[in-house]
Amino acid sequence: MKDLKHLYFFEKLLEEANNDLIRQAQSEGKKCVATTCENVPEPLLNLPGTFSVRLRAPRTGSMEMATYYMTSFLCEYSRALLERAIEGGFNFTDCIITPDGCTMMNRCVENMELLKTMGQGKENFFYEYMEIPQKGDQNGLDLYVLQCQNHILNPLKEKFGIDISDAAVRKAVEEHNEVCRLIREIGDFRKEENPRITGYEYHIITMATYVAPKYLLIDKLKETLEELKTREPDAENKFRARVVFVGSEVDDVDVIKLVEESGAYVCADRFCYGSLPGRDEIILNDDEDALTQVCRQYQQRGQCPRYWDTPKVVGRRSYVDQIAKEYHADGIIYEQMKFCDPWAYERMVGTVVLRDEYGYPVLAVDRPYSIGTSGQMRTRVQAFVESIEIKKIQGGVK
């Protein structure tokens, strides 16, 4: 296929945490609000005068210093972030707001604060820690709203003078929804039998919307969508199977590339940093304040194993089944970051349920933060693709 005009631009944004668009937005006087988790509602970080950045540590090498403070038994994502923070790689941020999504990330950010790794030369820099609910009920929603008010909106107003009114939140939701619509329309091309966009290309474009100011991406997202409408796919589909990639945090640009080089087209992305459900629009009405509506929709759509009540647990399996059908998947790759406790349990049970109760071929893997050119992962995916092909021949795949 012909190269996408802006793909190199999106790829360059992912080469470093402090990318060109972040520097541009800060030069315009906007404040950079960092976070580490999808459970912090993005629109609340993208009010007039602020923009959000999900922290990541591209091109991670040694994690020796972070391992010294956090031990080798904590997930590599949390250690990679701490290592980059110790190196000074996140000092560009103006504040960081993080939830208690897991104890590992709590320890990561606490160490960032204790070691004074961020905020040098920034008088109003602040850390905020917020609780998030473990159940999708009304009590959980009340907690969520209170925490977002006290640990996101109020500090932004007090420290930076940001407008946190209902009108400001609604304006932020409008911009958020425009990005979501564009990402989802681009992603719909993955449903085609011979897709005109690869899973790798889509992964790059989607990730860019998490790590750069959204208002500076909209024009290029629009151009990319228009370009795809007339893009001709390769005459022969080079992929041998279609898979949903499900699991924990994935911001490594090489993960999806490796899977697709092994013959499996990643047709849907149910992981942190993905578009399902991360790029669902937020629908607001005029009968209720915007903050409560934003929190409710994040709570209802959340697929994080942080939610432990039975409806949410069962719902996570049925959601994967739903998107597997919608995107015409042949199988599911269920992954977790090495030493990620919440997703380790989720992967173990989810793998069995999706295989035995829903009938999908499932490959379960744990992986390092930076996968590089992992021969083991490549071999396992290739074997999985071959098993799907055999089941197709035998008539055992949906």
Side-chain angles (χ1 to χ4, degrees), residues 3-38 40-58 90 92-94 97 162 168-190 196-229 231 249-253 256 269 271-282 294 298:
D3 290 342
L4 291 174
K5 176 182 176 182
H6 295 303
L7 186 64
Y8 179 71
F9 168 81
F10 291 123
E11 287 176 321
K12 291 293 288 182
L13 290 177
L14 303 176
E15 288 184 356
E16 56 180 315
N18 187 12
N19 58 57
D20 289 343
L21 294 190
I22 290 174
R23 291 191 286 269
Q24 179 181 335
Q26 287 184 312
S27 72
E28 296 171 2
K30 296 183 182 293
K31 299 298 183 180
C32 176
V33 184
T35 188
T36 59
C37 179
E38 65 177 0
V40 178
E42 272 186 286
L44 305 183
L45 312 181
N46 288 277
L47 298 166
T50 65
F51 65 93
S52 66
V53 169
R54 283 267 291 276
L55 293 184
R56 52 190 295 272
F90 298 143
F92 65 91
T93 61
D94 293 296
I97 299 171
I162 299 301
V169 173
R170 290 176 183 274
K171 182 177 180 180
V173 169
E174 287 179 13
E175 179 185 80
H176 178 84
N177 285 349
E178 184 173 11
V179 170
C180 290
R181 283 191 294 271
L182 290 167
I183 287 294
R184 280 300 186 82
E185 284 189 59
I186 291 171
D188 282 346
F189 291 113
R190 297 177 297 170
R196 67 188 75 187
I197 184 171
T198 67
Y200 168 76
E201 291 171 328
Y202 186 71
H203 180 50
I204 295 297
I205 295 168
T206 302
M207 278 210 301
T209 66
Y210 286 104
V211 302
K214 292 177 178 55
Y215 75 99
L216 295 176
L217 290 171
I218 288 173
D219 287 345
K220 287 185 170 57
L221 291 174
K222 287 180 177 178
E223 287 185 42
T224 300
L225 175 59
E226 291 304 312
E227 184 182 359
L228 282 166
K229 289 178 180 178
R231 191 189 200 194
E249 196 273 352
V250 179
D251 72 65
D252 182 4
V253 298
I256 305 301
D269 52 344
F271 50 75
C272 309
Y273 268 102
S275 68
L276 300 165
R279 286 294 170 251
D280 282 353
E281 290 187 55
I282 298 171
V294 168
Y298 263 81

Any donor-acceptor N or O pair under 3.5 Å, side chains R279, T209: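 Yes, because at least one side-chain N or O of R279 sits under 3.5 Å from a partner of the opposite role on T209.
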Within this structure, what is the [atom1]-[atom2] distance for the pair [X] and [Y], rounded to the nearest 0.5 Å?
| X | Y | atom1 | atom2 | result |
| --- | --- | --- | --- | --- |
| I97 | C37 | CD1 | SG | 12.5 Å |
| E175 | C180 | CD | SG | 10.5 Å |
| I162 | L44 | CD1 | CG | 13.0 Å |

Any residue meeting ring-ring contact (aromatic ring centres under 6.0 Å, His included) with Y210, in chain and number order, not counting sequence neighbours: Y273
Partners passing ring-ring contact (aromatic ring centres under 6.0 Å, His included) against H176 (at least two apart in sequence or in another chain): none
Looking at every non-hydrogen atom in both residues, tell me the closest pair between [X] and [Y] and how far apart they are.
| X | Y | answer |
| --- | --- | --- |
| I186 | Y202 | CG2-CD1, 3.8 Å |
| D94 | C32 | OD2-N, 2.7 Å |
| P43 | A172 | O-CB, 3.3 Å |
| A17 | I22 | O-CD1, 3.2 Å |

Cationic N near anionic O, under 4.0 Å, K222 to E178: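 Yes, K222 and E178 are salt-bridged.
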Ignoring hydrogens and angles, tell me if any N or O in the side chain of [X] forms a donor-acceptor pair with the backbone of [Y] under 3.5 Å.
| X | Y | result |
| --- | --- | --- |
| R196 | K229 | yes |
| T206 | G274 | no |
| Q26 | F92 | yes |
| D269 | H203 | no |

Side-chain heavy atoms of [X] within contact of [Y], under 4.5 Å:
| X | Y | answer |
| --- | --- | --- |
| I204 | V253 | yes |
| F10 | L221 | yes |
| N177 | I282 | yes |
| V250 | C272 | no |
| L21 | F9 | yes |

Side chain to side chain contact (heavy atoms under 4.5 Å, CB included) involving [X] - partner list, sequence neighbours excluded:
| X | answer |
| --- | --- |
| E28 | Q24, K30, Y215 |
| A34 | L55, T93, I96 |
| A168 | L47, P48, D163, S165 |
| R231 | M1, L4, I197, E201, L228 |

Going by side-chain hydrogen bond (donor to acceptor under 3.5 Å, both in side chains), name the residues that satisfy it together with [X], two or more places apart in sequence or in a different chain.
| X | answer |
| --- | --- |
| T35 | none |
| D251 | R56, Y369 |
| E15 | K12 |
| N46 | S52 |

Step-by-step side chain to side chain contact (heavy atoms under 4.5 Å, CB included) determination, E38 to Y298: CA-CA 9 Å; E38 65 177 0; Y298 263 81; over 6 Å; no
Check against side chain to side chain contact (heavy atoms under 4.5 Å, CB included), L13 and L217: CA-CA 11 Å; L13 290 177; L217 290 171; 3.8 Å; yes
Derivation of the side chain to side chain contact (heavy atoms under 4.5 Å, CB included) call for V179 and I218: CA-CA 7 Å; V179 170; I218 288 173; 4.0 Å; yes
With sequence neighbours excluded, residues passing salt bridge (charged side-chain N to carboxylate O under 4.0 Å, His left out) with E16: R23
Summary of salt bridge (charged side-chain N to carboxylate O under 4.0 Å, His left out) pairs that have at least one residue in residues 205-219, sequence neighbours excluded: E42-K214
Verdict with supporting geometry, E174 and K171, salt bridge (Lys or Arg N to Asp or Glu O under 4.0 Å): CA-CA 5 Å; E174 287 179 13; K171 182 177 180 180; over 6 Å; no
Side chain to side chain contact (heavy atoms under 4.5 Å, CB included) between L276 and R184, intermediate numbers included: CA-CA 9 Å; L276 300 165; R184 280 300 186 82; 3.3 Å; yes
